[in-house]
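The structure under discussion appears below in the form of structure tokens.
A quick note: this is a predicted structure, and the numbers were derived from the prediction, not measured. We name chains A, B, ... by the order of the sequence lines, and we start the count at 1 in each one.
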4 protein chains.
Amino acid sequence: MPRPIDPALRRARRLQIIDAGLTAFAEHGYAGATTAEICRIAGIGSGTFFHHFPTKNSLLVAILELGVEETIAFFTARDPQRPPRQVLSDYVEHAVGDLADPRAAGFITVVGGLTAHPEIAAALQADEDTTRSRLRDVVAAAQQQGQVRDDLPADRLAVWIMLLVDGFASRVTTGGFDVRTEAPLLQEQVGALLDGPRSTPTTPC
Amino acid sequence: MPRPIDPALRRARRLQIIDAGLTAFAEHGYAGATTAEICRIAGIGSGTFFHHFPTKNSLLVAILELGVEETIAFFTARDPQRPPRQVLSDYVEHAVGDLADPRAAGFITVVGGLTAHPEIAAALQADEDTTRSRLRDVVAAAQQQGQVRDDLPADRLAVWIMLLVDGFASRVTTGGFDVRTEAPLLQEQVGALLDGPRSTPTTPC
Amino acid sequence: MPRPIDPALRRARRLQIIDAGLTAFAEHGYAGATTAEICRIAGIGSGTFFHHFPTKNSLLVAILELGVEETIAFFTARDPQRPPRQVLSDYVEHAVGDLADPRAAGFITVVGGLTAHPEIAAALQADEDTTRSRLRDVVAAAQQQGQVRDDLPADRLAVWIMLLVDGFASRVTTGGFDVRTEAPLLQEQVGALLDGPRSTPTTPC
Amino acid sequence: MPRPIDPALRRARRLQIIDAGLTAFAEHGYAGATTAEICRIAGIGSGTFFHHFPTKNSLLVAILELGVEETIAFFTARDPQRPPRQVLSDYVEHAVGDLADPRAAGFITVVGGLTAHPEIAAALQADEDTTRSRLRDVVAAAQQQGQVRDDLPADRLAVWIMLLVDGFASRVTTGGFDVRTEAPLLQEQVGALLDGPRSTPTTPC
DNA sequence: AATGAATGAGTATTCATTCAT
DNA sequence: AATGAATGAATACTCATTCAT
């Protein structure tokens, strides 16, 4: 008599709304995206939206939390035997893969500077912290194995990897920047970052 | 009854509002910044705001145009004798100098993805085009003098310089990233970009 | 497939919802009480609520009708031999007994001025009319027996008894007013009402 | 150049909105009255409403504060020479005068049980406390002069005066209750309250 | 019967913009 | 020029009600 409600349906509906939110936020920014448009994209009524997310804020937070989960999943799935330097390269490739969806790129650039609502700021910080600490660990491992320069602390290198990815994302939204074409150059830049400055040309033969 | 208003005063008032707009946009994003807050920051009444800018849009456009002017001024002021590769380095230093004002960094990251209003999109495109074409010219000159790799077109390298600067800007807004400390690493990255990949270590002597 | 539902269960469920409605209306007013909260208090789902009451209006009407029934029951249960003046006193005591439940007092004060929906207005009027006519009959009987002043029509005295009870109810909701402590003063006031003004002190012995 | 804005106009506009709020609250209750209707009654746009009152809450609070001011003004304006018992009678007459406006009566009954928002609860309490303490002082003075029974504390008598006025107000909103006709009976009841129970008729001469 | 997901009309409030002074 | 009062369209969010299971 009670309710054999399918939790999978609920989850699917949530994802449907999250997807619509990603689209709308990427296109108009957080404040510029209206819940009405998100509902239109998701093909639902406004009541349904708020049935699943108590506030617009909470939708953004949910999207960010999904990103955190994905980041954790990525690093968790790494083969422990794989050389750390390769893992860093894999990460960049993984990030590029995400950015192949222009909505992801738009979302990243658009959401970057949200500090107004504390909940959002906290979620953004959590996202940042997760990626940063995971990258730092891998960088540190690579340093220990001599695969990465060690004149800079692992944390700083981790931040710079994120910097390069963010810069890359910021270009995706402008026209004439093909993710696949430019990906090798991104890898090249990350490589230069991790190798450090070219040994002085004084090196004799 | 007549009003021979001092045009200098008018200009000063405009700049005062532009400055307030920069602050507000950087902090809350374009849609998130209200004209009321801009007025509060500028210390003026709402009527005065719309006396000088017909719409909120137009204020953003004015800020972007100021950026274009500044970019043009930067490149115009270069000593024609200075080696192009040095000019690129100067540009990066100049950009870092701007980013020392965290409002500028916030403004860049926040305004990046505005495509909603056509006027704004046009102004953003103009900003982008100006910097890109000026940089391209300098990069091309550097290539001709053999100071920069020539396996990539000048335009693409110009875009990547902007990419690095944008990535740098996106990090300024997050805590723990000191512009002055990190600037050398940015120059290093630009250097790596312009030099191209390290000659393969397999090169025997 | 068939469903020979126990009507007693149905009745119990209705009372459960009515009780929850009484609580919610008393606390937040009619418009302020949400069906969601009523459901929460009753421990049921929203679907169940509307299974038993087609609208929120109808719940309020049901509560009022219950009040009418109770009023009728009270007067019907009176011993015909009991002096009418005593019956009036009994009625006041009965009303005070109801008001010992602060929800009842809140409900009365909160529902008093509802004229928006015609159904509710009608139900309120019915409640009012029932009490008023029953009281009037008793007052008239008491007047005939010389137990109550007859310089005022019975109907007007009936209204004033209700006035005193309403005033009493309005005080219950404010703090520091103990129903049991104050009840004797209410009886005293009703007594003064029914006796009429103190005979002029000029009365010589 | 600045703004020689007439503060009197502002005050007038506020009163205009307060008056409209009184009407709407009295008719539909607090939650039932919409800001849209208040605006319609006041003949203003919704923006204007919120230009003068930041929230619907604040309008109700303003109305209550006006009531407090009026109460204070009433007691302040009393001739100190006037016998306290007369002042109590004057107060009742004053209250009846207010209730001649059916909106005032509706407002009192409708707003009585608002405890949801703390601001409103506080304003209601302030209203209550003001009237109660002023009445108590007068009652105490009357007791000292032997004009009022002293078997009950002044505070309790003050509360009961308010009780009678509230009950009176609750009847105004129902049809067939003429304020002017019924006022003498209210004075009679207040008199009975202050005199105390009729000396037992058993008292022989 | 009972449930809770879905709905959309309605609500308080915000905000860019206009205009009389 | 400068002001701030006035405006109403737009917005996030609520809530009574419906309906498939």
Checklist entry - Got a second to check how far C:N57's CG is from C:I120's CD1, nearest 0.5 Å? => result 4.0 Å
Item to check | From B:F107 atom CZ to B:L60 atom CG, the distance as rounded to the nearest 0.5 Å | outcome: 5.0 Å
Checklist outcome for this item: Tightest non-hydrogen contact, residues C:S46 and C:C39, listed as CA-SG, 3.6 Å
Checklist entry - From the list F:dG8, F:dC13, E:dT18, which nucleotide is the closest neighbour of the side chain of D:S46? => result F:dG8
Item to check | Smallest separation among heavy atoms of C:G29 and C:V110, with atom names | outcome: CA-CG1, 3.3 Å
Next on the checklist: Show me, range against range, the stems involving DNA chain F, built from at least 3 consecutive Watson-Crick or G-U pairs below 3.5 Å.
Outcome noted: E:2-21 with F:2-21
Checklist entry - What nucleotide among F:dA6, F:dA1, F:dT18 has an atom nearest to a side-chain atom of D:H52? => result F:dA6
Checklist outcome for this item: Taken to the nearest whole Å, CG/D:N57 to C1'/E:dT11 is 14 Å
Checklist entry - Can a cation-pi geometry be assigned to B:K56 and B:F50, taking NZ or CZ under 6.0 Å from the six-membered ring centre and within 45° of the ring axis? => result no
Checklist entry - For the pair made of CZ in C:R40 and P in F:dC15, what is the distance, rounded to whole Å? => result 12 Å
Checklist entry - Nearest-Å distance, CD (B:Q16) to P (F:dA2)? => result 9 Å
Checklist entry - Do you know the tightest heavy-atom contact between C:L66 and C:L15? => result CD2-CD2, 4.3 Å
Next on the checklist: Distance check needed: F:dT14 P versus A:K56 NZ, whole Å only.
Outcome noted: 14 Å
Checklist entry - Rounded to the nearest 0.5 Å, how far does CG of D:L64 lie from CD of D:E119? => result 11.5 Å
Next on the checklist: Does a side-chain N or O of B:T35 approach OP1 or OP2 of E:dA16 to a distance below 4.0 Å, or not?
Outcome noted: yes
Item to check | Separation of E:dA5 C1' from A:I44 CD1 (nearest whole Å) | outcome: 11 Å
Checklist entry - Quick one: is C:R13 getting a side-chain N or O under 4.0 Å of the E:dA2 phosphate, OP1 or OP2? => result yes
Next on the checklist: Just N and O in the side chain of B:H51: are any of them under 4.0 Å from OP1 or OP2 of F:dA1?
Outcome noted: yes
Next on the checklist: The side chain of D:T34 is closest to which nucleotide in this list: E:dT13, E:dT11, F:dA16?
Outcome noted: E:dT11
Item to check | First of B:Y30 and D:A33 reached from the 5' end of DNA chain E, by closest nucleotide | outcome: D:A33
Item to check | Length of the CG-C1' vector between C:L59 and F:dC15, whole Å | outcome: 15 Å
Next on the checklist: If you assign B:G47 and C:F50 each to the DNA chain F nucleotide with the nearest heavy atom, which residue ends up on the more 5' nucleotide?
Outcome noted: B:G47
Next on the checklist: Rounding to an integer number of Å, can you tell me how far B:I120 CD1 sits from E:dA16 C1'?
Outcome noted: 13 Å
Checklist outcome for this item: Ranking E:dT13, E:dT17, F:dA16 by distance to the side chain of B:T55, first place goes to E:dT17
Next on the checklist: Pick the closest DNA chain F nucleotide for C:F49 and for A:P54 by heavy atoms, then say which residue is nearer the 5' end.
Outcome noted: A:P54
Next on the checklist: Rounded to whole Å, please give me the gap between CZ in A:R14 and C1' in E:dA5.
Outcome noted: 15 Å
Next on the checklist: Looking at D:T48, I'd like to know whether one of its side-chain N or O atoms comes within less than 4.0 Å of OP1 or OP2 on F:dA5.
Outcome noted: no
Next on the checklist: Heavy atoms only, 4.0 Å cut-off, all strands: where does D:A31 land among base, sugar-phosphate and nothing?
Outcome noted: nothing
Item to check | C:L22: which of C:I41, C:I63, C:I17 passes side chain to side chain contact (heavy atoms under 4.5 Å, CB included) | outcome: C:I63
